[in-house]
Amino acid sequence: MRQRIQMVDLHGQYMKIKAEVDAAIAEVIDSSAFINGPAVGRFASALAQYAGAAYVIPCGNGTDALQISLMALGLRPGDEVIVPAFTYVASAEVIALLGLVPVMVDVDRDTFNTDIRFIEKALTPRTRAIIPVHLFGQSCDMAPIMEFAQAHGLYVIEDNAQSLGAVYRFRDGSCRHTGTIGHIGCTSFFPSKNLGCYGDGGAVFTDDPELAGRIRMTANHGQQVKYHHDVVGCNSRLDTIQAAVLEVKLRHLGEYCQARQEAAARYREMLGDVDGIELPAESAYSTHVYHQFTLKVADGRRDALKEHLASCGIPSMIYYPLPLHRQKAYLKPDLSLPVSEYLASGVLSLPMHTELDSGMQERIAGAVKEFFRK
Ligand SMILES: *Cc1c(COP(=O)(O)O)cnc(C)c1O
């Protein structure tokens, strides 16, 4: 029987590391140190080492990571935070939740990413921070964003939920992992992310010891000393069981990134000559760890292609069908962000995961080609 094709194959990935993961989980249960057990600190250190960050503060999920970061910066209600309109809602949600003002900007058409050209136009005297989002697996062009932020005294919080493992190259040739370039970086360990746990998880990265202290304190009820609360905080922790799973999976992250890159290269080979779709662009300044493989479908045929694929038993997803300024909760009827609007109407993500093989991809590519032959 032919194997069912999935958007993400978490079970297949688990089966290959089952012994390691099961042992790590059993050890936590055996120790019963469910909260802040030793695996949490060990994983944070290993991740800091992997990414080249001075401090990694684990927390409950990627959305919390963003919220805690904004709280730790001490921004005031009414302060403006620049955020791309073409992203997952969490990037902007936390801004609004804290009484700050999300200022939504357009993105680069080729890379889907937050771009300095649109950030510049959004600057006002109330701008305090920028949240660039490294969407779908590759870095935003960070050098001009950091220069701009420095010139205007703005904080940069990278939303790195989708691109952990990607490496950005500066103009002088030096390289840094995404999430370690801005003042703060945030990531998510949601199961389907490139480094996913078996539940919820997230982390905040920084090189600044003072910020690290404030972030840690904010995530822990605003306390440094137990039962002494210096600031209003929240409660956001990474479970020990999740940390144990992540400790195992971090050792495989290099292979996982490579498997995604190989799958992307096969898609390019199979789909390179199809008229009617545009394959995702790879920028010169970043590696791409392919959280998603996202097509742009021409001539308003995206939904029809999606339906055709579904009829062939092939899943696909629209990330994202509405830009933020067209969402009810964040509606800006007079704001026009043409690239984000165009992308929302034309993008389609194909199955992309570590277990994808060329046989499955032949079937996917075959179905795409069949649609455009019709
Ligand atoms: C997944 C994601 C988040 C939020 O992560 P959670 O762990 O689900 O809270 C934030 N931003 C982006 C871009 C994401 O893809």
Side-chain angles (χ1 to χ4, degrees), residues 7-8 10 43 47 56-71 81-98 102 104-105 107-108 111-115 129-140 142 156-166 178-179 181-182 184-205 215 219 234-239 242-243 245-246 249 260 280 286 288-294 317-324 327 329-330 340 343-344 347 349 352-353:
M7 270 313 277
V8 176
L10 296 176
F43 167 65
L47 184 59
V56 167
I57 300 104
C59 64
N61 57 65
T63 309
D64 277 6
L66 290 162
Q67 181 185 325
I68 292 160
S69 300
L70 286 170
M71 288 170 75
V81 180
I82 296 173
V83 66
F86 190 67
T87 181
Y88 182 58
V89 67
S91 319
E93 185 177 45
V94 292
I95 303 171
L97 193 68
L98 294 172
M104 295 168 272
V105 297
V107 297
D108 178 64
T111 59
F112 311 102
N113 268 336
T114 318
D115 192 279
I130 308 167
I131 302 186
V133 182
H134 306 303
L135 209 64
F136 299 157
Q138 76 184 331
S139 182
C140 300
M142 288 301 292
V156 175
I157 303 173
E158 299 170 74
D159 183 340
N160 194 32
Q162 298 190 5
S163 298
L164 187 63
T178 52
I181 302 162
I184 300 178
C186 296
T187 201
S188 162
F189 307 120
F190 187 82
S192 62
K193 299 282 157 88
N194 285 25
L195 177 62
C197 59
Y198 293 174
D200 273 309
V204 183
F205 297 66
I215 291 163
C234 61
N235 173 30
S236 186
R237 295 184 285 240
L238 181 67
D239 272 13
Q242 300 305 338
V245 172
L246 287 164
K249 288 190 70 180
R260 288 172 179 275
S286 175
H288 201 319
V289 292
Y290 285 99
H291 178 59
Q292 300 296 343
F293 191 88
T294 303
M317 293 290 280
I318 299 168
Y319 304 117
Y320 297 93
L322 280 181
L324 292 176
Q327 300 280 356
Y330 304 92
S340 298
L343 291 175
V347 289
S349 297
M352 173 51 81
H353 53 81

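Basis for what follows: all heavy atoms, side chains included, without hydrogens, waters or symmetry-related copies. Predicted model, so just to flag it, every value in this text is computed and none were measured. Counting convention: from 1, in listed order, for ligands and their atoms alike.
Counting heavy atoms from C-beta on, the side chains of Val133 and Asn113 never come closer than 4.5 Å. Within the 4.5 Å cutoff, no side-chain heavy atoms of Pro132 are placed close to those of Asp159.
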Table please: side-chain donor-acceptor pairs of residues 193-202 below 3.5 Å, with sequence neighbours left out.
residue, atom, partner, partner atom, Å
Asn194, OD1, His291, ND1, 2.9
Asn194, ND2, Val289, O, 3.0

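Under the 30°/60° scheme for interplanar angles, the aromatic rings of Phe86 and Phe136 are found to stand perpendicular.
Contact annotation for Asp159 and ligand 1: only side-chain heavy atoms (C-beta onward) come within less than 4.0 Å of the ligand.
For a threshold of 3.5 Å applied to N or O pairs, the pair formed by Gln162 and ligand 1 contains at least one separation below that value. Where the criterion is an N or O separation shorter than 3.5 Å, residue side chain and backbone included, Phe190 fails it with respect to ligand 1.
In terms of protein heavy atoms, atom 2 (C) of ligand 1 is closest to Lys193 NZ, 2.6 Å. In terms of protein heavy atoms, atom 9 (O) of ligand 1 is closest to Thr63 OG1, 2.5 Å.
Counting only N and O atoms by type, the side chains of Thr178 and Ser139 include no donor and acceptor under 3.5 Å apart.
Heavy-atom proximity to Ser188, at under 4.0 Å, picks out these atoms of ligand 1: 5 (O), 6 (P), 7 (O). Listed by number with element, the atoms of ligand 1 under 4.0 angstrom from any heavy atom of Ala161 are 2 (C), 3 (C), 10 (C), 11 (N), 12 (C), 14 (C), 15 (O). Of all the atoms in ligand 1, the ones that sit under 4.0 Å from a non-hydrogen atom of Asn61 are 7 (O), 9 (O).
By the side chain to side chain contact (heavy atoms under 4.5 Å, CB included) test, Pro323 pairs with Ala85, His325, Arg326, Ser340, Glu341, Ala344, sequence neighbours left out.
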